[in-house]
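None of these values were measured; they are calculated from a predicted model. Below, chains carry the letters A, B, ... as their sequence lines are ordered, and counting in each starts from 1.
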There are 2 protein chains.
Amino acid sequence: MTQTRSAAELDHRRAVNVALLGAGVVGSQVVRLLTEQADELAARIGAPLHLVGVAVRRPQRHPDVPADLLTTDAAELVSRDEVDVVVELVGGIEPVRGLLLTALKNGKSVVSANKALLAEDGAALAAAADESGADLYYEASVAGAIPLLRPIQQSLAGDRIVRVAGIVNGTTNFILSAMASSGANYTEALEEAGRLGYAEADPTADVDGYDAASKAAILASLAFHTRVTADDVYREGIRDVTAADIAAAKALGCTVKLLAICEQTDGSVSARVHPAMIPRSHPLASVSGAYNAVFIEAAAAGQLMFYGQGAGGPQTASAVLGDLVAAARNRVIGGRGPRDTAHAALPVLAMGDTHTRYHVALDVTDRAGVLAQVAGVFAEHGVSIATVRQEGRGGTSGSDADDGAPGPKDATLVIVTHSASDAALAATVEALTGLDAVRGVAGVLRVEGLGRPVTELGGGS
Amino acid sequence: MTQTRSAAELDHRRAVNVALLGAGVVGSQVVRLLTEQADELAARIGAPLHLVGVAVRRPQRHPDVPADLLTTDAAELVSRDEVDVVVELVGGIEPVRGLLLTALKNGKSVVSANKALLAEDGAALAAAADESGADLYYEASVAGAIPLLRPIQQSLAGDRIVRVAGIVNGTTNFILSAMASSGANYTEALEEAGRLGYAEADPTADVDGYDAASKAAILASLAFHTRVTADDVYREGIRDVTAADIAAAKALGCTVKLLAICEQTDGSVSARVHPAMIPRSHPLASVSGAYNAVFIEAAAAGQLMFYGQGAGGPQTASAVLGDLVAAARNRVIGGRGPRDTAHAALPVLAMGDTHTRYHVALDVTDRAGVLAQVAGVFAEHGVSIATVRQEGRGGTSGSDADDGAPGPKDATLVIVTHSASDAALAATVEALTGLDAVRGVAGVLRVEGLGRPVTELGGGS
């Protein structure tokens, strides 16, 4: 039986030398795990891991990192001949892109958590890795601790993925969960998120959907063996989600989530990020707080779900370490990671051509014929209506106060459509605002059933 | 950008030759996928896959397999020099063990779905693979389509797993789900399962927990880097679960599931399979029908859940194909799978020493002092009581009919304990039957919270 050898005993074998870029929330955990688990890691790799340098901006801020490892010159560190694997936890596009391209071209393997870079220019990095035979792993760039990219690239390599959809941003999920549980409005929930550390001082990347869009690009590229960049992803954040939207969802037995949805149909792919109502019975509806969950639907495997913590120092470090062990092992045995098999880019559907469903709440004047007019507009645009509900705000005498206060004869019409092109749906809403009887659009939210009714999970048995 | 090459264009590269053992429910799907996805598979591997032979018992039963590939001589097929990878989908211990050991010793990689063999003698197979440098993959042996073993062995290679727990047998989960939803008793639910194809003619392997125990052994071995065989796993099936147990669970806001639970604490490991009540709010409680779900708790990653279909031809074939692509790729590039890093065997805790909680329903004589007596027995065995509930079956005149019918002064005492050693709990139940006041034990079920309260999933947000 194979015994564990201590790191010291394996020293006579060439160590795998690691250069670490960044020692922040995640990097400091990587340093800790490399130290605490040195023996176990060495046993799993077949050689010890040696951390040869840690590049940071301000050395004095990293008392936990051995001083002799600290450097401010990332370019020099990455260029050292002895370095086998570069672990990049800095983030951002430049100067990281140049550093990693150089490292890959020089045959050094790269482990990264950099979703923005991978989403924007993963192609160039993958090509450089393919050319030199080095590995490029980035499990940590999507969904924190949850193994997702390796299952997609390796476990499902013999299958055909048709959809990847889920909750991939903890900040926005926390905010929406808070709005749903307490009735708070967006601003209040955002403040709470900031207080509790779930949102950064500048929450734009999260609340405007940039973070989720980068992850969607990465997921779509890997799942469909094509190139999807962040720019290809339709992106809509949660700034315009109101407490009224949340209440409307509840009334329909739904929950509002910021979803990343990647689909492949008939030779083209689509990737989008936007808030949507999903049925309460759907497993994703139960994913709250800062947890993430991703559904994958594949032709043979059927529906799979992966769930866990999408961010955090130790959580992301777990994913980094898994990639590092794989990259290091390949250095020891001379192996390589999965083959980059991107096709010539599959066409990416514009959002307008993507089929979705809308929930539309209209403030209307409560008089005869309004419903017929409204229904007529939907019909003109080829959009079928699934349900209509009218909530009269009633009253006795008429009045059209210009201050917008509900007059005694106003009502709310709530329409849920069947599936139609997003362009037709958007055009319908635009046209509705032109009707005299329509005082305004109270809210528009997409409705997602995510492919097919999921009866097996959710709601107990 | 890397282009897809057709299988024909890659022909000049040495193909990877595959021998398939078995063409049943799963094997026939593997043959289908190998044909339908030949080009995609070749692109992902970097060389075409050639199916060189399919060993079956009765060739006439496999009209979908090209006749020139069919053979009844598995040993001969596996010994052909040209064969690179053996895919084994036959099952059973012998003669498969001998065939696979020979193949591995001769440097042929093996992809298997054989949980019984892997659970009983995975050690010998892994040693043979390690010795010759061949790959041994068996994702398909546990949880069907759900990527689980690769995440454990590779994605979490840099982490420390403390618990793997979940529902890994669809037959028993279907039966328990049916009992819960319809109030049926075990026999009725088993019949329904058989009618719908969820249970085999002889359901023993499933209902007595052998299937789940094999999977638990495999999961524990990989998660804790040690050797756990099927014999090491405490095994209790669902034959003794009654409709009353299900109702008792419902009354407590719980659901009864057959759980496989593998834990590592203080240098020893435990692996067990038994029915248990779990809180309705726990995500596993919502896993119904033939779906499987496994929770993994790791030191850095925290809680992860993997969910999907645990069985079925295409589903299991998906897992087989994923392993086959990995094994084939390693043949092309000269790489190898994860290093077998089993320690000298960690001690396996006996079930008696494992800490659990009991739910005990006692038929007692309803008179003063009974509760004190019963509580005294728990105290004598060092078992703390969490909750007690007495349900009087009441009445006016006393009678002790020997036919066991509840007399007017009988009652049911329902006790839920705190955590204690299973041995102490079992001894307590034994001692209770000796009390005069105790007419009988109506039911005993373990209660599992699975580590810690999971508030983030389940119950909506």
Side-chain angles (χ1 to χ4, degrees), chain A residues 1-4 33 41 43-44 46 130 145-147 150-151 154-159 177 180-181 255 280 285-289 291 298 300-309 314-315 317-318 321-322 324-326 329-330 333-336 339-344 456-461, chain B residues 1-4 33 41 43-44 46 130 145-147 150-151 154-159 177 180-181 255 280 285-289 291 298 300-309 314-315 317-318 321-322 324-326 329-330 333-336 339-344 456-461:
Chain A
M1 210 102 341
T2 313
Q3 306 256 349
T4 309
L33 290 171
L41 294 170
R44 288 165 209 176
D130 214 43
I146 314 172
R150 183 169 280 104
Q154 301 191 31
S155 306
L156 292 167
D159 210 329
S177 294
S181 63
T255 301
R280 231 186 162 81
S286 312
V287 177
S288 57
Y291 274 76
Q303 290 219 349
L304 303 168
M305 185 173 82
F306 300 79
Y307 163 92
Q309 293 180 70
Q315 293 85 348
S318 173
L321 265 287
L324 179 51
V325 168
R329 178 151 174 77
N330 281 341
I333 60 175
R336 268 214 66 191
R339 181 184 174 82
D340 173 39
T341 62
H343 304 212
E456 292 84 1
L457 182 64
S461 55
Chain B
M1 209 105 340
T2 312
Q3 306 255 350
T4 310
L33 291 171
L41 293 170
R44 289 165 208 176
D130 214 43
I146 314 172
R150 183 169 282 104
Q154 302 191 30
S155 306
L156 292 167
D159 209 328
S177 294
S181 63
T255 302
R280 233 188 160 79
S286 312
V287 177
S288 58
Y291 273 76
Q303 289 219 350
L304 304 167
M305 184 174 82
F306 300 79
Y307 163 91
Q309 293 180 71
Q315 293 85 349
S318 172
L321 265 286
L324 180 51
V325 168
R329 178 153 175 75
N330 282 342
I333 60 174
R336 267 213 67 192
R339 181 184 175 82
D340 172 40
T341 61
H343 303 212
E456 291 84 0
L457 182 64
S461 57

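When each of B:Gly308, B:Gly322, B:Ala301 is scored by its heavy-atom pairs under 4.5 Å with chain A, the top score falls to B:Ala301. Taking chain A as the reference chain and counting heavy-atom pairs below 4.5 Å, the highest number among B:Ala145, B:Ala326, B:Ala298 is found for B:Ala145.
Counting all heavy atoms, side chain and backbone alike, A:Ala157 lies closest to B:Arg44 at O-NH1, 2.6 Å. Across every non-hydrogen atom of A:Arg150 and B:Ser155, the tightest pair is NH1-OG, 3.4 Å. Taking each heavy atom of B:Ala300 and A:Leu33 in turn, the nearest pair found is CB-CD1, 4.2 Å. For A:Asp159 against B:Ser318, the heavy-atom pair with the smallest separation is OD2-OG, 2.7 Å.
The contact between B:Ile146 and chain A is made by backbone and side chain atoms together, counting heavy-atom distances below 4.5 Å. The parts of B:Ile333 that come within reach of chain A are both its backbone and its side chain, each placing non-hydrogen atoms under 4.5 angstrom from that chain. For A:Leu304, the parts sitting under 4.5 Å from any heavy atom of chain B are the backbone and the side chain alike.
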